[in-house]
Trainee: 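First, the structure itself, so that you have it in front of you.
Proteins come first, then strands; the chains are lettered A, B, ... in the order of their sequence lines, and each starts at number 1. This one's a predicted model, so the numbers in the text were calculated from it and none came from an experiment.
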2 protein chains.
Amino acid sequence: MNPIEHIAQQFAAQNYKLTSQREAIVQVLLDNEKDHLSVEEVYMIVKLSYPHLGLATVYRTLELLTELHIVEKMNFGDGVARYDLRGDEQAHMHHHLICNVCGKLEEIKDDWLVDLESRLEREYGFTVTDHRLDFKGSYNTCKSTGCKKEKDCKAVS
Amino acid sequence: MNPIEHIAQQFAAQNYKLTSQREAIVQVLLDNEKDHLSVEEVYMIVKLSYPHLGLATVYRTLELLTELHIVEKMNFGDGVARYDLRGDEQAHMHHHLICNVCGKLEEIKDDWLVDLESRLEREYGFTVTDHRLDFKGSYNTCKSTGCKKEKDCKAVS
DNA sequence: GTTGATGCAAAAAGTTTGCATATCG
DNA sequence: CGATATGCAAACTTTTTGCATCAAC
């Protein structure tokens, strides 16, 4: 089953209508899976293929997708909400590397926190349902080349 | 040297004036060190002792304190920026536990990430300067007592 | 005394909401 | 057909900014 069909099923299961607008928005997210798009960015992109679509619909759809746990709403401190598609069981495999030099935001698809979470359970009586782990710093390649922008960056993609 | 003197020194070192407004704002942060106050909350509290102070000054002061790395600006997804005093060398000893049941936000003063950071250095060529680690979940005591608000919560303080 | 900080109000930016119309199931 | 989603515009919230006045060094 392809991703859009899978999401369509999740909509249907909760009695939400899969309108053409919602489908177009989900498609934008799938096409830009590696980015963390803001509402405004999703709006700009989806308008290319669906010029009539309104901004409020983007807000409402992204809110709905968040409720359904299809996307995750995040805030990286730039004043806008950003959305990240959650792969199927990847909720917990999802850390970020943010480069101070080039601005690149890399995702790490791995779960490095299982040990810490059992420690929380043991020592704090706290059961983890979700987590967030971001690292800020710099790629050594960025420091040596002095790249200023992501597109010049030689760091691993 | 007490905290406020230490901060005064950091201001002086960077040629920033320590006005009475700024001092009042810093004092509020010190008095509420365990909370993560929003701008509006700081404003309400500081107005009690300094009624004439303007909201823009709170915004400007907190921005300045962030630049000086005296506080850390964070966003927990409730739509407002929140500020957390950084103890001296505690930048890295600073994780959060957020309870889904009672809403409590606990700080963990410990650094659980040293191993992961050396792994990033090795495997990704990435040098970490800062990080953020939040866990969402629930205290087992909250689940069993069914407390709804922080003040009813029996979880460890 | 100079330079930078404050207060106020206005504006900007991001997000939410009300309502008439249109669409999916 | 009925319930729900959309588009538009207005409202709301949070944050930023311009400018005259004031205060710290």
Trainee: Which heavy atom in A:Val128 sits nearest to a heavy atom in A:Asp130, and how many Å separate them?
Mentor: CG1-O, 3.4 Å
Trainee: Of the residues in residues 50-63 of chain A, which ones touch DNA chain D at a heavy-atom distance under 4.0 Å?
Mentor: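 Going residue by residue through residues 50-63 of chain A, the ones with a heavy atom under 4.0 Å of DNA chain D turn out to be A:His52, A:Leu53, A:Gly54, A:Ala56, A:Thr57, A:Arg60.
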Trainee: What pairs meet the salt bridge (charged side-chain N to carboxylate O under 4.0 Å, His left out) rule with one or both residues in residues 131-142 of chain B, with sequence neighbours excluded?
Mentor: B:Arg132-B:Asp134
Trainee: Which pair of heavy atoms, one from A:Val42 and one from A:Leu29, lies closest together, and at what distance?
Mentor: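 Of all heavy-atom pairs spanning A:Val42 and A:Leu29, the closest is CG2-CD2, 4.1 Å.
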Trainee: What integer distance in Å separates A:Leu64:CG from C:dT16:P?
Mentor: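 Distance, rounded to whole Å: 13 Å.
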Trainee: With sequence neighbours left out, what residues match B:Asp31 under side-chain hydrogen bond (donor to acceptor under 3.5 Å, both in side chains)?
Mentor: B:Gln27
Trainee: B:His95 vs B:His131, test: ring-ring contact (aromatic ring centres under 6.0 Å, His included). Steps then yes/no.
Mentor: CA-CA 9 Å; B:His95 315 315; B:His131 63 226; 5.4 Å; yes
Trainee: Check the distance between C:dG4's P and B:Gln14's CD and give it to me in whole angstrom.
Mentor: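 After rounding, the gap between these two atoms is 14 Å.
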Trainee: For DNA chain C, which residues in residues 20-29 of chain B have a heavy atom at a distance below 4.0 Å?
Mentor: B:Gln21, B:Arg22
Trainee: Which residue pairs pass the salt bridge (charged side-chain N to carboxylate O under 4.0 Å, His left out) test with at least one member in residues 41-51 of chain B, sequence neighbours excluded?
Mentor: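 The answer is B:Glu41-B:Arg82.
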Trainee: Would you call the rings of A:Trp112 and A:Phe135 parallel, tilted or perpendicular, taking 30° and 60° as the class edges?
Mentor: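 Aromatic pair A:Trp112/A:Phe135 classed tilted.
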Trainee: Using the side chain to side chain donor-acceptor pair (under 3.5 Å) rule, take A:Tyr139 and A:Glu106 through it: C-alpha gap first, then chi angles, then the decisive distance, then the call.
Mentor: CA-CA 11 Å; A:Tyr139 291 99; A:Glu106 181 174 6; 2.4 Å; yes
Trainee: Walk along DNA chain D from 5' to 3' and tell me the first and last nucleotide with an atom closer than 4.0 Å to a non-hydrogen atom of chain A.
Mentor: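 Terminal contacting nucleotides, 5' to 3': D:dG2 to D:dC8.
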Trainee: With side chain to side chain contact (heavy atoms under 4.5 Å, CB included) as the criterion, how do B:Ile25 and B:Tyr43 come out once you've worked through the C-alpha distance, each side chain's angles and the decisive distance to 0.1 Å?
Mentor: CA-CA 8 Å; B:Ile25 290 166; B:Tyr43 179 61; over 6 Å; no
Trainee: Just how far, in rounded Å, is C1' of C:dT15 from OH of A:Tyr83?
Mentor: 9 Å
Trainee: Tell me, please, which residues at least two apart from A:Gln14 pass side-chain hydrogen bond (donor to acceptor under 3.5 Å, both in side chains).
Mentor: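 Expected list: none.
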Trainee: Go through the structure and list residues passing side-chain hydrogen bond (donor to acceptor under 3.5 Å, both in side chains) with B:Asn140, not counting sequence neighbours.
Mentor: A:Glu121, A:Thr127, B:Lys143
Trainee: For B:Leu18 and B:Ala8, work out which heavy atoms get closest and say how close.
Mentor: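 Nearest pair, atom of B:Leu18 first, then B:Ala8: CD2-CB, 3.5 Å.
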Trainee: With no hydrogens and no angle check, do the side chains of A:Asp110 and A:His94 hold a donor and an acceptor under 3.5 Å apart?
Mentor: no
Trainee: Please tabulate, for side-chain N and O atoms in residues 50-66 of chain B, each donor-acceptor pair with protein atoms closer than 3.5 Å (sequence neighbours left out).
Mentor:
residue : atom : partner : partner atom : Å
B:Tyr50 : OH   : B:Ser20 : OG           : 3.0
B:Thr61 : OG1  : B:Thr57 : O            : 2.8
B:Thr66 : OG1  : B:Leu62 : O            : 2.7

Trainee: Using a cut-off of strictly less than 4.0 Å between a heavy atom of the residue and any atom of DNA chain D, enumerate the qualifying residues of residues 74-82 of chain B by number.
Mentor: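 Of all residues in residues 74-82 of chain B, the ones placing a heavy atom under 4.0 Å from DNA chain D are B:Gly79, B:Val80, B:Ala81.
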Trainee: Can you give me the bend angle of the helix from C:dG1-D:dC25 to C:dG25-D:dC1? Use the axis through the first five pairs and the one through the last five, nearest 10 degrees.
Mentor: 50°
Trainee: Sequence neighbours excluded, which residues qualify as ring-ring contact (aromatic ring centres under 6.0 Å, His included) partners of B:Phe76?
Mentor: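 Per chain and number, B:Phe76 pairs via ring-ring contact (aromatic ring centres under 6.0 Å, His included) with B:His36, B:His96.
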